[in-house]
Protein chains: 2
Amino acid sequence: MSPTLDHTSGGCIAARQILDRVGDKWSIYIVMMLSEGPVRFNQLKRSIEGISQRMLTLTLRSLERDGLVTRTVFPTVPQSVEYALTDLGSTLLEPVSALAQWAQVNSTQIQRARADFDAGAGKADEQEVAGVTRIRFG
Amino acid sequence: MSPTLDHTSGGCIAARQILDRVGDKWSIYIVMMLSEGPVRFNQLKRSIEGISQRMLTLTLRSLERDGLVTRTVFPTVPQSVEYALTDLGSTLLEPVSALAQWAQVNSTQIQRARADFDAGAGKADEQEVAGVTRIRFG
DNA sequence: CCGTATCCTCATCGATACTG
DNA sequence: CAGTATCGATGAGGATACGG
């Protein structure tokens, strides 16, 4: 393990804040769709399976507010609006991709752990119980 | 920017799954508290500001189910229970810390973006509007 | 000390309908 | 095409009380 992992109080707060930002239901989908260049509103809506118009608007506004995406209106008729990652938004892709990669690498292990846990649920004699290796003093 | 960022369909799914896992309100706090060694239930409860007993239990169960933490019961009187990261849980700390570091580095920039956005809200003449640089065709 | 059970609240999000 | 407005369901999560 790396000895330089940041698990200080500040690190916790920072982690939570960014997870609040990008941990919602749709943000990463949008960020990843925009990773290759600007995309129009309805293009996003079509390519992100299951997103509602409402949530697409809300999530884009929120990303725009945080300086992660830009919104550009083209006054054509009918109008079209393009969304694109800012430089800041682009840099976010790196740690997010690292997380995604971790997930892909360890997904089978997690699935097995879940299956094992669910299989053993309720069986008291399968629970891990340590012997009394220490006496309480206090 | 790195040319090897994974924004494939599989990468999206993987990202969402891990964010569902670790993006909830309390998981990172717990994982980070356990990063330096085993901690007992009530120690966790005391050190994680604002967590309820209910949510601590639920989140720990969920982390245990996914093979990220272990639960060890010491049959002392009264009983004590220690939680610790598994090897898998430890490896998760790295991408999570990367995210936290990104958040810390860019937090001021985000705060300013928010302030700017909120200040300009409602003022139509401040919105970014592109000229008609292309004609719609179909 | 370490939980589980119950109730209650509030934010999130989908569905639908309507505007420039 | 790109939104906004409104409503309703759902579920996450806090408070509290109780049990092993």
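Below, read A as the first sequence line, B as the second, and so on, with proteins coming before strands; counting in each chain starts at 1.
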Lys/Arg-Asp/Glu bridge criterion (N-O < 4.0 Å) met for D20(B), R16(B): yes

For atom CD of E49(A) and atom P of dC13(C), their distance in whole Å: 18 Å

Closest nucleotide among dA2(D), dC1(C), dC1(D) to the P78(A) side chain: dC1(D)

Close residues, residues 57-66 of chain A, relative to DNA chain D [heavy-atom separation under 4.0 Å]: T57(A), R61(A)

CZ/R61(B): more than 12 non-hydrogen atoms of other groups inside 6.0 Å: yes

Reported CG-to-OG distance for the pair L58(A) and S52(A), which is rounded to 0.5 angstrom: 8.0 Å

Whole-Å distance separating the CZ atom of F74(B) from the C1' atom of dG3(C): 17 Å

Interatomic distance, E64(B) atom CD to T86(B) atom OG1 [nearest 0.5 angstrom]: 10.5 Å

W26(A) side chain reached by L60(A) side chain, heavy atoms, under 4.5 Å: no

From CD1 (I28(B)) to OG (S97(B)), nearest 0.5 Å: 11.0 Å

Every protein N/O lying under 3.5 Å from an N/O of nucleotides 14-17 of chain D:
| from | atom 1 | to | atom 2 | distance (Å) |
| --- | --- | --- | --- | --- |
| dG14(D) | OP1 | K25(B) | NZ | 3.0 |
| dG14(D) | OP2 | S52(B) | OG | 3.3 |
| dG14(D) | N7 | R54(B) | NE | 3.4 |
| dG14(D) | O6 | R54(B) | NE | 3.4 |

Atom-to-atom span, CD of E82(A) to P of dA2(D) - whole angstrom: 9 Å

Nearest-angstrom distance from the residue atom CG of L44(B) to P of dC1(C): 13 Å

Considering all heavy atoms, the nearest I51(B)-K45(B) contact: CG2-O, 4.0 Å

V22(B) with V105(A), same ILVMFWY side-chain cluster at under 4.5 Å: no

CZ-CG distance between R112(A) and N106(A), expressed to the nearest 0.5 angstrom: 12.0 Å

Nucleotide dG20(D), atom P - distance to CZ of F41(B) in whole Å: 17 Å

Atom-to-atom span, CG of N42(A) to P of dC1(D) - whole angstrom: 5 Å

Rounded distance (Å) that lies between atom P of dT12(C) and atom CG of D24(B): 15 Å

Residue-phosphate contact under 4.0 Å: Y83(B) side-chain N/O, dG3(C) OP1/OP2: yes

Integer-rounded Å distance: dT19(C) P and Q79(A) CD: 16 Å

